[in-house]
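This report concerns only the one structure given below.
The residues of the chain are indexed from 1 along the displayed sequence. Just so we're clear, the structure is a prediction, and the values are computed from it rather than from any experiment.
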Amino acid sequence: MYRTVRNLHCFNSSLFALQRCAAVRNTGSTPQTPLRMASSESYRIERDTFGELKVPSDKYYGAQTVRSTMNFKIGGVTERMPIQVIKAFGILKRAAAEVNKDYGLDPKIAEAIVKAADEVSAGKLDDHFPLVVWQTGSGTQTNMNVNEVISNRAIEILGGKLGSKDPVHPNDHVNKSQSSNDTFPTAMHIAAAKEVHEVLLPGLLELHDALAAKAEQFKDIIKIGRTHTQDAVPLSLGQEFGGYVQQVKYSIERVKAAMPRVYELAAGGTAVGTGLNTRIGFAEKVADKVSALTGLPFVTAVNKFEALAAHDALVELSGALNTVAVSMMKIANDIRFLGSGPRSGLGELILPENEPGSSIMPGKVNPTQCEAMTMVAAQIMGNHVAVTVGGSNGHFELNVFKPMIIKNVLNSARLLGDASVSFTKNCVVGIEANTERINKLMNESLMLVTALNPHIGYDKAATIAKTAHKEGSTLKATAIKLGYLTEEQFEQWVRPQDMLGPK
């Protein structure tokens, strides 16, 4: 085997030398020095416990990453592990290296790992993480992808040879006191918490404030209410929007309420939760380091067995996101229906006109932001089903749906955050009230008759409404015709502005 590999090296070296000479002859220039350390061949040979594999010479990952790309050709680039998870791993590996240095890891090795890990968390090495979500359910291949990248980059920093595992070994040094079974769930929680704080909550807050401003702007506009999609008693447009404001307020509170469990980190549990091959205090120190690096209140998990075997914290967070999606579906649907028309619908709201709405109907404009939001809501509901199934399948000491769970949680958080910002900027802030249409519909409503209940009783009031509808008459004319009250009494008792709250 060694002779075969050696001969292969010699052949490729000769071929590459011929290619370089040809290039020099064709261009009349000398070959440039590579920007980064790499083999003179198009690949190098690395080894894992299954044997040797060719690794692209311009990549920092190693044999285990290559083997995973061979075994899991599922979905392609669109199904790669979310980059938020990779960056979270960078944070974790830095924290672990700093703590391991306290426990005796060579400071030079630790510092090189820290520098490489920082490049990972900063997104400088994104091209070196090719693995898809659909791999082992513990995320082992992605943990090793990170270990290999950091190992080789650290080796390069220290002047060594890529693929040599010397002086920085991906398992013995980068993965020291760790297991995929505790590092991957730790990265899951770090990634989820950062996405919630950096994308989701800011987006929801922006939407909340915009809706609150509209509720205040519309507080004096009285309109007809609707229940069962049928005419009901009046309310103000501000009150109607106030309901949306409260929904978003509760959405923010629901997400925040789920976060304390997400802040618990599995690091230190290693393979099954016992902490084998770690040191006393390692788990707590890693959590403290991660908290300091992220500015978020991470702590070590109270029970590492639960942290590895179950992902109830992320199922809970996904459930909160699912509830947020339910609220967004209601709000967006209401707004698009209230803005339907412009002449043959409800037409109570005038929505911003952002783009042409039809390729065949000139002048048509559609409520596209509402449609985008409702599609996002539907996707989040589907994501939550997948997370629920994955979370319910933690068997014995390890849940093996980890990559799928975090993919969907991150997707839900990102979509809701981005959609909230888009919906706010391109729809909510530009909504106007069509007061002429609102007044017309309110004055024609038969349900204003409800104000007469305390004065003439439910049955007589119902007779007025049904007769007026049948004869196409007004409530006032019908009430006077039936002899139930005078014009003065009707004017005194049926006042929409007096029907907006308790007496």
Side-chain angles (χ1 to χ4, degrees), residues 81-102 110-111 113-126 129 139 142-143 146-147 149-150 174-178 180 182-205 252 255-269 278 281-302 304 307-308 311 313-314 316-318 320-321 402-403 405-407 409-414 416-418:
M81 185 65 65
I83 201 63
Q84 300 97 315
V85 174
I86 302 302
K87 291 180 178 180
F89 259 113
I91 294 170
L92 171 59
K93 296 297 180 178
R94 172 185 174 145
E98 291 180 341
V99 174
N100 281 323
K101 183 171 68 172
D102 294 340
E111 287 304 317
I113 291 173
V114 166
K115 290 178 181 179
D118 282 347
E119 292 182 6
V120 171
S121 60
K124 295 180 179 180
L125 304 179
D126 289 356
F129 299 97
T142 286
N143 180 43
V146 174
N147 289 334
V149 168
I150 292 177
V174 183
N175 201 59
K176 183 177 177 61
S177 298
Q178 302 157 66
S180 298
D182 68 341
T183 59
F184 197 89
T186 299
M188 290 167 71
H189 281 219
I190 295 171
K194 284 176 62 64
E195 199 75 359
V196 165
H197 282 278
E198 294 172 6
V199 179
L200 176 60
L201 291 178
L204 290 176
L205 182 60
I252 294 170
V255 172
K256 287 183 176 180
M259 293 309 294
R261 270 72 64 196
V262 178
Y263 294 139
E264 293 192 13
L265 301 181
T278 65
F282 176 85
E284 291 77 10
K285 289 184 177 182
V286 167
D288 288 344
K289 292 284 186 182
V290 171
S291 180
L293 290 169
T294 60
L296 297 173
F298 289 108
V299 295
T300 192
V302 174
K304 303 300 187 297
L308 273 60
H311 288 303
L314 290 177
E316 179 185 10
L317 175 58
S318 181
L321 302 182
K402 300 183 193 301
I405 289 173
I406 191 57
K407 168 187 168 67
V409 170
L410 290 173
N411 182 250
S412 293
R414 167 65 58 150
L416 279 173
D418 287 352

Check your understanding: Could you go step by step and tell me if E119 and I150 meet the side chain to side chain contact (heavy atoms under 4.5 Å, CB included) rule?
Key -> CA-CA 9 Å; E119 292 182 6; I150 292 177; over 6 Å; no
Check your understanding: In terms of the angle between their ring planes, are Y263 and F298 parallel, tilted or perpendicular, with boundaries placed at 30° and 60°?
Key -> perpendicular
When rounded to the nearest 0.5 angstrom, what distance separates [atom1] in [X] from [atom2] in [Y]?
| X | Y | atom1 | atom2 | answer |
| --- | --- | --- | --- | --- |
| E198 | L296 | CD | CG | 7.5 Å |
| I406 | E195 | CD1 | CD | 9.0 Å |
| N143 | F184 | CG | CZ | 9.0 Å |
| S177 | K285 | OG | NZ | 11.5 Å |
| I252 | L200 | CD1 | CG | 8.5 Å |
| K407 | N411 | NZ | CG | 6.5 Å |

Quick one: does [X]'s side chain have a donor or acceptor within less than 3.5 Å of a partner on [Y]'s backbone?
| X | Y | result |
| --- | --- | --- |
| T186 | A267 | yes |
| H189 | E264 | yes |
| S318 | L314 | no |
| K93 | A116 | no |
| N100 | A96 | yes |
| S291 | A287 | no |
| S121 | D118 | yes |

Side-chain contact test, heavy atoms from C-beta onward, threshold under 4.5 Å: evaluate it for [X] versus [Y] and give yes or no.
| X | Y | answer |
| --- | --- | --- |
| M259 | L317 | yes |
| I113 | V174 | yes |
| K194 | K87 | no |
| V85 | M188 | no |
| I86 | M81 | yes |
| V286 | L265 | no |
| R414 | L410 | no |
| V146 | F129 | yes |

Which pair of heavy atoms, one from [X] and one from [Y], lies closest together, and at what distance?
| X | Y | value |
| --- | --- | --- |
| P260 | K256 | CD-O, 3.5 Å |
| V199 | A413 | CG1-O, 4.2 Å |
| V290 | A95 | CG2-CB, 3.8 Å |
| A307 | P185 | O-CB, 4.1 Å |
| F282 | G268 | CD2-CA, 4.1 Å |
| G269 | D182 | N-OD2, 3.2 Å |

Exercise for review: With side chain to side chain contact (heavy atoms under 4.5 Å, CB included) as the test, would you mind laying out the steps for V299 and E284 before giving the verdict?
Suggested key: CA-CA 7 Å; V299 295; E284 291 77 10; over 6 Å; no
Point to revise | Presence of salt bridge, E98 and R94, under 4.0 angstrom | key: yes
